[in-house]
Structures are given as C-alpha cells and as structure tokens.
Visitor: 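Okay, here's the structure, questions in a sec.
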Amino acid sequence: MHLPAERNESLTKKNFPPTHFAYLKESVLSPRLSISGFATTARLLFTACIVILSTLVPALAEQPEPSPKPDIYRLTDIFQPQSRPAELIMEPTYLVLLICFGIFAVVVAVLVYVLIKFRPRGPQDHLEEPPQVYGSYNIEMAWTVIPCLIVFVLVLVSSRSIVEIQDQPMPEDAIKIRLIGHQWWWEVQYPDLGITTANEIHVPVSSKNGPPRPTHLFLESADVIHSFWVPQLAGKTDLVPNRLNHTWVEPYKTGVFVGNCAEYCGTQHANMLLRVIVQTPEDFEKWAVNQKQLPTEPQDALAIQGKKDFYALSCVNCHKIDASPAEGVFGPDLTKFAVRQTLGAGVALNTPENLHDWLLSPDSLKPGCYMPDMKLSPQQLSSLVAYLQTLK
Amino acid sequence: MNSATTENPADWKLPSARKFGILTLILAESALFTIFVVAYLFYMGKSLNGPYPSEVLEFPLLGTLALFSSSGTIFMAERCLLAGNKPGFSLWWGITTALGIYFLYFTGAEWHHLIFEKNLLISTNTFGTTFYSLVGLHAFHVIVGVLLLLGILISSLRGRLHSDHTEHVEAISYYWHFVDCIWIVVLTVVYFLSVRVQP
Amino acid sequence: MAQEIIIEENYRMPAPVHVGDEKGSLTRVIQQLVFTVDHKKLGLMYIAAGLLFFVIAGLLAGLIRMQLAFPNNHFLPPDVYNQSFTMHGTTMIFLVGMPMAFGFANYLVPLMIGARDMAFPRLNAFGFWVFFFSGLLLYFSYVGAPGLYAAGSAPDVGWFAYSPLTTKAFSRGHSTDYWTLSLLLGGIGSVATALNILVTVFCMRCPGMTLGRLPIFVWCMVVLSFLVILALPCLSACQIMISLDRYLGAKFFDTQAGGDAVLWQHFFWIFGHPEVYILIMPAFAITSEVIPVFSRKPIFGYPVMVAAVVAIAFISLGVWAHHMFCVGMVSLANAFFVTSTLLVSIPTGIKIFNWLATMYGGKLRFELPLIFCIAFLFQFLIAGLTGVMLAVAPFDWQLSDSYFVVAHFHYILIGGLLFTIFAGIYYWYPKAFGKLPNHKLGLWHFWLFAIGFHITFLPQHFLGFLGMPRRIYTYQSDRGWDEMNLLSTIGVAIQSAGILFFVYNLIYSYFWGKKSGDDPWDAWTLEWATTSPPPEYNFAKLPLVKSRRPLWDAKHPEDPDWKHE
Ligand code: HEA
Ligand code: HEA
Ligand code: CUA
Ligand SMILES: [Cu+2]
C-alpha cells in the first residue's frame, strides 16, 4: 500500500451527489456550534452548581468532630524530602515532571492552534471538502523518533536512581530495625538493642556533611500485605507475609515524621499510622537506654490496683510487659506504653482521657479493630488507666 | 497490490468460521494453562512438608501412550471421513474415544492411589495444590473432549453423520490435538522436572 | 455474474424493519429482548446494561466522596466504605467498561465490515446474558452474603483483591466468594464475545473488505478481542485458584503454608494491565472514526495507526509489574518494567499526533461527537503523562497507592474512556434510533460533566503529592487535605448534573428528536450505507468494497479513494 499521496484539487459542490447534500445543509451543518452555546452554558452552569450544592450539603449535615491537633510536625509532602532516599527520588522526579510539562505544553499548543485555525467559517464553508491527505512518512517518522529519544533518557535516569536507592550498601554499624506489620498496627523491634515497641520508630539523625548514619529497616508482615510509607523520609516498600523486604532512611532533621500504611489491608487500613521520631544521637541513646529498663513500679494505690487488675484480666493474653506475667504477642508490646505519643496506631493522642475511651470501647475510636471490648467496670477502667500511665 | 478495480468478488475467500473459532478458543485455553503451569513451576521444590513429587509420582506410561496414540487414531478417522469411508470412520473414532476414556480411568486410578495411599491432598502442601489443579484442569479438558467425541460417535453409529459435518469433526480433532499437546507440557513439567527437584 | 452483488450508487436498503419499532405488549417486548440473537439488539442491551451499572457505581462513588468530603467524617462506617470502593471499582471495570466496549463492537463491527450478523449469534446472546448474570451475582452479595456481623456484606477486598487478604483467614463470610464467582463468570462471557468478534471479522467480511481496508474502529476491536482472549483467561485462572483456596483448602496464596502473596499480584496484573488497554481500545476506536468524519479528512497515516494499536497491545503484555514497584522486586526487574512501560508511550504518542494531523488542514464541524473527542485528546494527554510519571519507578515509590494514582486512572477511565463513549453514543445514536441527539442538551451535558470531572480529579493529583494514601475511609484534619477533598466532592455534584442531562437527552431525542435520515454526518463507513435504524439483516445485498472509505467512493465517483491508497 503506498503512502503519502496528497490530493490537492479540492472537491467542490458540483462533485457531490445532490440528494445527499440537500439534507446535510439543513439539519446538521447549520452553524450552531459549541462556541455560541458557551456563554449561556457558562452562565447557567454557575446557577446549577449552587443548586446542586445546596442539595448535597444537608446530606453531610452531621458535624465532623474536630481532629486531635497535636503540636508536632506532621507534613507528608513528598516535595519536601528530609532524608536521603526521599531526596534521591527527587532527581528523576524533577526530570520527568519537566519533560511531561514540556510535552503537555507543546501538544496542547498544537491542539489549540488546530482548533482555532480550522474552525468552521460560516455557512458556506461546508460546500467544499478540504484537501484529502492520507499521511506522510517523514512527519510520522519524526514523531516516532523524538519520543524514542525521550524514553531513552528517562530509562537511563530512572535505572540509575533505582540502583542508587534500592541497592545502597548499608554500613555495618547502621541501626537495624525489624518492622512487622499487623492488622492494623506496627510492631517495631531493634534486634541489636533488644528493644520492642509499637507504632513509633525512633532513629538518630544523620547529617549531610558528616559521616552518614542511615537506619536499615527490615520489613515483614504477620498477616496481610502492608506498606511502609513515610513520604518525607522514603518511598514505599511493602511488608509482605512470608517474605523479607528492606528499605532505609537517613533523615537530616530532627522531629516527628508521619507515615501511613499504604497498601489496603482491611477495615482499619486508614488508621494504621506510623510515626518516625528523629532524634539527636544523644537523645536517641537516652531513649534506647530507657526502653531497655523495666517500667517504673507504680506508686499510688490506684495504679497498684491497676497492675493487679491488668494481670488478672485477659489483657496478658495479648499484650506483653517485660518481666511480668503479661506475655501475649497478639497486640502491641506495652512495656513502655506511656512513652508513646499516640495509641491505636495514631487514631488518638496518648492522653488519659483517650486511653480511658480506648479501654472502654476500642471500637468507638477504631471501629473493627482487633482489640476487643473488655467490658471493664468503671473502677477497673480508672485503675488500668492509672497503671498504664506509669509504663515509662 | 491495491488495484481494486480488478478484484473479483467471486475470488473472495475467507477462513471457515468454525475452525477459526476453535483456534481462538485454543489460544484462550493456552493462556489459562500457562498460568497454572507457571504456578506449578514456581512452587516446584518449595513445599514446606511432604509428600514430595519424587516420593509419590510414578511415570504415567500407559495413560500417556493412550493419549498420544489417540492423536493418531483421530487423524485416521478424519482421513476415512474425507475418503467417504463411514465404517472406517466410526471404528477409528470409537478407538479414539476409548483411548480417551482409558486415559481418564488411568488418571482416576492415579489420584486414588495418591489420595488414599500416599495421603496427598490438594490441601496437603503447595505440591498437592499445584499438582491437582494442573493435572485436574487437563483432565477436565479431556472429559469435555471425550463428551464431544462421544457425541460424534453416537451420531456416526446411527448413520447421521454426513459430509457437511466434516467441519465439526475437524474442529473437534483440533481440540483433541490441543489437549494432547497440553499433556506433553504437563508431562514435562510434572513428571520429568519436578520429580528431579529435591525439596 | 459475480458483479451482481455490487450496488451502484450507495448501498441503500429497501423499506426497513425498524429495530425497536415492533408493536406489542410489554411481555412481548421482554420476550424479544430475552430471546433475541440479533447483534444490534444485543449491542444496545450491552450499552444499556453498562449505563445502568454506571449509574449504580457512580452513586457508590458519590457515597465515597461524601464520606471523604470532611476530615473525621462519620457518614459511612469503615466496612461500608471499603465495600463501596471495591464495588465501585469492580463494577466500573467489569460491568461498565467491558460491556460498553462489547456493546459498540457488537452493534458496529458487523455493519462496518458488511456482514449480516455476528459469526455465532447464539454464542453472542450467551455472552451477554452471562455478563449480565455475573453483574447481578456481584450485587446479590449485598443481601446474600451474611458477613461478619450477620448483615449483608459486599466484597471489601479492593478491585484487585490482593492475597492473602482474600484467604479464608482474613476474609470470613462469603463476600469474597461472590466477587470471585462473579468475575469467573464474567470472564467466560467476555472470552465468548471476544472470540465471536474475532471470528466475525476474520471470516465474515464482505467482498473487497481486506484487512488493510478495515475501519480503524474494527482494527481496535480486533486488538481488543485478542487482548481479551489472552488476558481474561489469566483472570479466570486467578479466580479458580482463589476458589480452590477458599473451598478446598488449597495453598496457592496461603502464606502460612509456604504460599506466596506476590504470586497473586503477578498473575492478577498479567491480566490487569492488558485489561486497562482493553478499556482504552473503544476510546481509540471511536476517536479514530469521529475525528476524520468531523474534520472531513481521512485518518492520517492509516497503516501507522493500525501498527500503533497492535504495538500498544503487544507491549502491554509485558509491563504488568509496574503496578508492583513497591513490592520489593530486584532492581533489574524494576528497571526492565520501567523500560517496557515507557515504551508504550511511543505508539500512544503516534496515535495522538496522527489524530491532530487528521484535524490539521481539515474543516472542523463542532458536533457533539467531535467535542467529546477533543476533550478526550486533552484529558488522555494528561492521563498518559501522569502515567509516565508513575512509570518512573523511584517517583512511583512515592506516588503508588496514593491519590495521584486515583487521579491518573480516573483521567484515563473517565477523561478517556467515558468521554469517548459519550462521543460514540452521540455519533451512532442516529444510526440506532433514526433521531439526532439534541445538540443543546448535549452541550449542557458536556460542559457540566467536563467541568465537574476536572474539579473532582485535578485536586487529587495534589492530594497524592501531599501524601494522601488511597482507600482510606477517613483522615485527620491536620494533614492539609481538607480543602481539596471538599472541592473534589463538589465536583461530583456537577458531574451528576451532567449525567442527568445526558440521560434526559437520550430519552428526549428518542421521542422528540429531529429525524436524522440515514447518513446525517455525511460519513464514509459501511454502517451508514443501510437505513437508520438498520434492517434485520443489515444489508439486503452485500456491498463490494474497494477502499477504506467505501461511501466516499460512492459519493465521489469522479475521484474515489482507491486511486490514492
Ligand atoms: C484505560 C486505562 C489505562 C491506560 C490507557 C493507562 C495508561 C498508562 N498507565 Fe495506567 N493505570 C490504569 C489505567 C490505565 N493506564 C489504572 C486503572 C491503574 C490503577 C490500577 C489500580 O491500582 O487500581 C493504573 C496504574 C498505573 C501505574 C501503577 C501505579 C501504581 O499503582 O503504583 C502505572 C505505573 O507505571 C501506570 C502507567 C501508565 C502508562 C505509562 C500508561 C501509558 O499507556 C500512557 C501513554 C500515553 C502518553 C505517554 C501520552 C501521549 C504520548 C505522547 C504525547 C508522546 C510523547 C510522550 C513521551 C515520550 C513520554 N498506570
Ligand atoms: C470506568 C471506570 C471508573 C469511573 C467512570 C469512575 C468514576 C468515578 N470515580 Fe472511581 N474508581 C475506579 C474506576 C472508575 N471510577 C476504580 C477502578 C477505582 C479503584 C477501586 C479500588 O481501589 O479498588 C476507583 C476508585 C475511586 C475512588 C478512590 C476510593 C479510594 O481509594 O478510597 C474515588 C474517590 O474519589 C472515586 C471517585 C469516582 C467518581 C467521583 C466518579 C464519577 O465520575 C462518577 C460520576 C457518576 C455519577 C455520580 C452517577 C450518575 C449520576 C446520576 C444518576 C445523578 C444522581 C447522582 C447523585 C446526586 C450523586 N473512584
Ligand atoms: Cu496496613 Cu494498610
Ligand atoms: Cu498498568
């Protein structure tokens, strides 16, 4: 089949079979075009929005309750990386954004040009068919080759950065963390330090100039797939049952960084938040030393009663407190519970009131979660809250 | 090439719909089998507990012979049909059917042995899972094939098979050859490869 | 004597038996619908069923957006939210996208290739009813699947249902079984229909309709059918495996017993990625018919356009793991899938440029179909470019499973697929019913839907940048997501208004629309050669085709196309 024959003699009205054309002239091609309808459309559109909105709002009338507003650093903007892997990601990111905006601008410009240049011009316009062009080898070649070059560049850049981030060798002395996903909370272990905690990762800060101090995370799952994502520190890596994944962070800034579980893992996927607390090496050291010590003994009578209650209730089947009869592993380790900023993987701040609500009915804060309603009496509630507060 | 003016509608020939359809179906079935074969290969040697393939699988010699020779007999049957030899057709077609049924019997016996003597169930380990699903999927196709064969055999024995049924017959024979080819793959993967992989 | 089947002027039919005009009681109409094997009726039934499911899934999307309008909202409980997005996604993909494609293919492919019906009319009816039943089965889960709390429970595992969330241990009750069985059934129906389309195209073309002269629409449908034939069985295999796991205790995805969770992802996406190109094929198909006709020029670079769809389909079989960049594959594999994914943009770019070139130098007629197709070009460009961003694996580590992905695929699925489906419906409405769709109502539909659509989904890109994960039923108000989520919800209201105009237009034009005549758009493909609506067997005499635009030849005997191709 031979390619581009351009046909220049345009076809005039006399060439059309007359029957055919008479019909077209009246019904379809009369110039009632989108442009003319637009002004009215736009005017009415606004009214329509208002009307529809006013019907929508009552459906949502239920007042949203105010979120807890803790005074901590909670941004999750991927364009404000504060750690090396997240920063390395920015390089291919800006490149691909630039390329894509460029392509977008060019193509849209051509589109707009075509729409304006070849728009219909008056009722006489349709009497002639435009020149019939079937294709052009050279032009088509051009718009095949240029994208090929772009793709080539993108492939090289992304491959390099994949290797750079994913295959980054970790120094021997990097802090190692075992992060285990559970429906719907995180278990955090420091195998070298002998620490187990939950929902909060403490890591030492690194510096751009000094020796790098990365933290190496080993990701596992106890049930379904979850995904580790702390946008300002590192991209996602999944926690897959029966498989060992790893990733790393190397933050430059102290503070609290929030992350989410990013793979749908069931009812409470939304409330599976993770907090990375970046500390100066000294603070980190202090924290680690404290974590390894046994929790402080309760002093006041209520807390002592709470300790007794805790051991007597079935809490011990699911929760662990070091050097105590509580040996459960189904729920988060509570040895240093009071040190943590939140409870229930970030659904609420760790305050006595919230803890009270949580123990009264975990479902009210985190519907569907796997901590049962323990049907506690008011006395048990207050004693348990008092006791749990002492676990520092 | 495009001198359309010289084209003559009388020369307009298109492939037979039935044959083209069965080939397309075979393509789809191949995709289905591919996934199960890949699953089998993937889990090969990964069972956490026994029984393992090398302990329980025996080479299915008789079944394989039956199935492979049935490809030959169905070919003979087709030739008879084309030559107008109806009794010959019924004979070869009947033999094909019988071989197919024998294969099914053989597989049934093998499964009985595995289930009741070797305690290998689909839920025992990943070997059981992938083995029964792959071999079972193939056996299911053999069952469908045997039913089709029986249908043609009955109408042929009752003298209802005419020359305008050649396309039916041909389509079924394509399908039967396909089932045979799949068996080659299953045989290689299950009875050659996996028995050699140590757990 | 062979020349007798040529019809000289145009291929006009004698007095038609109008489809849909049959007189009779309601039972008779229903009877005719249930027992029909006519490809045109089945095609319209596919589209009607698709629209029905679209409205249902759209209402679910409305629920989703209402829940997300405010932080800490208690409009929906988490389980209901999770069911809503699962049902929304599953319905939109399998009960809207696929049947729409099959509907158009059914109605148009035989007409366009000059055939009297599909190759296997009864198989065709089977395909439709299996699909329809699979849809009903999926929705029956709302009442039929006693869930954990003894209430009806729809599937809530997400539309790609990652294992091991689907195993018995983590998905009790029967909701997942409904999902599985419904997709298994739907897969069988789809394969049957795709097979039928392929056989029809390869074995039923009218004289002279060589493969090189097929309308691009038909080529796209051929490619679509091949993808269905190759990809849907993989989905069926997946569903069989889940069923074996759930019913017989098999260990395919039982991670406690050595099963592998990632295997499911590979198997699913080997199907799932070609599936999304299956969904975009009708968009390519419709655009490739609409743009030439309303630019009054033949498609620019026909052979390249065909080669491009074939290339897209071929490459799409090898890109699946770009949905799995975060799963922990080795870097070589990641780099490979980055490469293959980016390669797709080359043939796709060719298509966009060739459409532009088709309009270039033409005489545009801004009729409804063209307006929707222009919007498609714009939105598909954005969606494709966000796809390219996702394909750069390091960037995807940030964007994956965030609202950026949601924005990406809604820009394609709505901005691409849905807009062209609207274009297609407006374009072939006169063919099917003999009436012109109302232009004014159509413009209302267009502007409301387009504006609402951008208001809904443009902010979602930025939500993704701000770290909002997808599939979360609630969020706290201190993450900077509040305003954009509210905006996004407001957009849905505007979209809904647009849809109401669309539905009203369909009804209004059917009863009160202007008569269209047989060939209102002065088009060139064979379906416009018969009456509108076409008679029972489409063509009394088979046409003889000499070029890609047979009706151009008929209308311009002094300068027919075949001299130039
Ligand atoms: C119709 C459906 C459709 C189509 C056509 C596409 C097209 C593309 N998609 Fe999309 N995609 C989906 C539907 C679709 N997608 C869906 C539903 C999901 C989510 C599934 C889920 O998780 O639920 C998804 C998810 C998805 C991901 C995974 C994101 C994640 O979960 O982490 C990725 C990653 O690579 C991706 C990439 C692409 C690319 C590169 C294209 C390309 O084909 C785009 C090509 C087009 C262009 C590039 C524009 C035009 C080209 C030019 C103007 C030429 C010049 C350009 C260059 C040289 C760059 N898509
Ligand atoms: C063809 C595919 C398609 C289409 C057309 C749509 C259309 C829409 N989608 Fe959806 N969507 C998907 C495919 C599609 N979607 C998929 C595959 C997923 C992933 C699911 C998963 O994660 O498993 C998804 C997920 C998804 C999410 C993410 C949920 C989450 O991750 O938590 C959201 C959220 O905003 C959303 C919104 C919408 C909206 C507002 C529309 C709108 O365009 C709908 C507009 C239509 C209507 C509103 C109905 C018609 C209107 C009327 C009859 C008028 C009356 C109605 C009212 C007054 C409300 N969709
Ligand atoms: Cu864990 Cu989502
Ligand atoms: Cu994809």
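Every chain is numbered from 1, with letters handed out A, B, ... down the list of sequences. Because the structure is a prediction, the values reported are computed rather than measured.
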Visitor: By a 4.5 Å heavy-atom criterion (distance strictly below it), what part of A/L95 contacts chain C: side chain, backbone, both, or neither?
Guide: neither
Visitor: Which region of C/W355, side chain (C-beta onward) or backbone (N, CA, C, O), has a non-hydrogen atom less than 4.5 Å from a non-hydrogen atom of chain A, or is it both or neither?
Guide: neither
Visitor: Measure up the C/F160 and C/Y162 rings against each other and bin them: parallel (under 30°), tilted (30 to 60°), perpendicular (over 60°).
Guide: tilted
Visitor: Do you know which of C/A335, C/G259, C/P298 has the most heavy-atom pairs under 4.5 Å to chain A?
Guide: C/P298
Visitor: Report the option among C/D260, C/I374, C/L377 that has the most heavy-atom pairs separated by less than 4.5 Å from atoms of chain A.
Guide: C/I374
Visitor: Could you report the tightest heavy-atom contact between A/P231 and C/G467, atom names first, then the distance?
Guide: CG-CA, 4.3 Å
Visitor: For chain C, find which of A/V108, A/L88, A/L115, A/I139 contributes the most heavy-atom pairs closer than 4.5 angstrom.
Guide: A/L115
Visitor: Heavy atoms only, distances under 4.5 angstrom: which of A/E164, A/E263, A/R119 has the most pairs with chain C? Name it, please.
Guide: A/E263
Visitor: Decide yes or no on side-chain contact (heavy atoms from CB on, under 4.5 Å) for A/Q132 and C/H556, but give the supporting numbers first.
Guide: CA-CA 12 Å; A/Q132 303 292 300; C/H556 303 275; over 6 Å; no
Visitor: In terms of heavy-atom proximity below 4.5 Å to chain C, should A/A222 be classed as side chain, backbone, both, or neither?
Guide: backbone
Visitor: Roughly how far, to the nearest 0.5 Å, is the CD atom of C/Q398 from the OG1 atom of A/T93?
Guide: 7.5 Å
Visitor: Can you tell which part of A/W229 gets under 4.5 Å to a heavy atom of chain C, answering side chain, backbone, both or neither?
Guide: side chain
Visitor: Heavy-atom pairs under 4.5 Å with chain C - which of A/T144, A/L111, A/D223, A/L219 has more of them than the others?
Guide: A/D223
Visitor: I need the minimum non-hydrogen distance between A/Q268 and A/K366, along with the two atoms involved.
Guide: NE2-C, 3.4 Å
Visitor: Given a strict heavy-atom distance threshold of 4.5 Å, which part of A/N260 is in contact with chain C: side chain, backbone, both, or neither?
Guide: side chain
Visitor: With a 4.5 angstrom heavy-atom cut-off, which part of C/T341 approaches chain A: side chain, backbone, both or neither?
Guide: neither
Visitor: Is it the side chain or the backbone of A/E91 that comes within 4.5 Å of chain C heavy atoms, both, or neither?
Guide: neither
Visitor: Do you know which of A/P241, A/P147, A/S159 has the most heavy-atom pairs under 4.5 Å to chain C?
Guide: A/P241
Visitor: Does any heavy atom of chain A fall under 4.5 Å from the side chain of C/F404, the backbone, both, or neither of them?
Guide: neither
Visitor: Which bit of A/I162 is near chain C, if near means a heavy-atom gap under 4.5 Å: side chain, backbone, both or neither?
Guide: both
Visitor: Between C/L381 and chain A, with a heavy-atom cut-off of 4.5 Å, which part of the residue counts as in contact: side chain, backbone, both or neither?
Guide: side chain
Visitor: Can you tell me how far apart CG (C/D482) and CG (C/N72) are? Round to the nearest 0.5 Å.
Guide: 9.0 Å
Visitor: How many angstroms lie between atom CH2 of A/W143 and atom CD1 of C/I350, to the nearest 0.5 angstrom?
Guide: 9.5 Å
Visitor: Can you tell me which of A/G235, A/G259, A/P85 forms the most heavy-atom pairs within a distance under 4.5 Å of chain C?
Guide: A/G235
Visitor: What part of A/F152 lies closer than 4.5 angstrom to a heavy atom of chain C: side chain, backbone, both or neither?
Guide: neither
Visitor: Select one option (side chain, backbone, both, neither) describing which atoms of A/V114 are under 4.5 Å from chain C's heavy atoms.
Guide: both
Visitor: Any chance the side chains of C/Q495 and C/R65 put a donor and an acceptor closer than 3.5 Å?
Guide: no
Visitor: Quick one: what part of C/T339 sits under 4.5 Å from any heavy atom of chain A, side chain, backbone, both or neither?
Guide: both
Visitor: Measuring from atom CD of A/Q166 to atom OG of A/S161, what distance do you get when rounded to the nearest 0.5 angstrom?
Guide: 10.0 Å
Visitor: List in chain and number order the residues that pass side-chain hydrogen bond (donor to acceptor under 3.5 Å, both in side chains) with A/Y264, two or more places apart in sequence or in another chain; answer none if no residue qualifies.
Guide: C/N82
Visitor: Is C/V157 close to chain A through its backbone or its side chain, or both, or neither, when contacts mean heavy atoms under 4.5 Å?
Guide: backbone
Visitor: Which one, C/G158, C/A393, C/G349, C/G362, leads in non-hydrogen pairs under 4.5 Å with chain A?
Guide: C/G362
Visitor: So which atom in C/M329 and which in C/M324 form the shortest heavy-atom distance, rounded to 0.1 Å?
Guide: CE-O, 3.6 Å
Visitor: Looking only at non-hydrogen atoms, find the nearest pair between A/I225 and C/A261 and report the distance.
Guide: CD1-CB, 4.0 Å
Visitor: Which atoms of C/L370 are under 4.5 Å from chain A, going by heavy atoms: the side chain, the backbone, both sets, or neither?
Guide: neither
Visitor: Does a salt bridge link A/D238 with A/R243, judged by any charged N lying under 4.0 Å from a carboxylate O?
Guide: no
Visitor: Do the side-chain N and O atoms of A/N245 and A/T237 include a donor-acceptor pair separated by under 3.5 angstrom?
Guide: no
Visitor: Using heavy-atom distances under 4.5 Å, tell me whether C/S295 contacts chain A through its side chain, its backbone, both, or neither.
Guide: backbone
Visitor: Counting only non-hydrogen atoms closer than 4.5 Å, does C/Y360 touch chain A with its backbone (N, CA, C, O), its side chain (CB onward), both, or neither?
Guide: both
Visitor: I need the minimum non-hydrogen distance between C/G480 and C/L466, along with the two atoms involved.
Guide: O-CD1, 3.6 Å
Visitor: Is chain A contacted by the side chain of C/N354, its backbone, both, or neither, given a heavy-atom distance below 4.5 Å?
Guide: both
Visitor: C/P164 versus chain A, heavy atoms under 4.5 Å apart: side chain, backbone, both or neither?
Guide: both
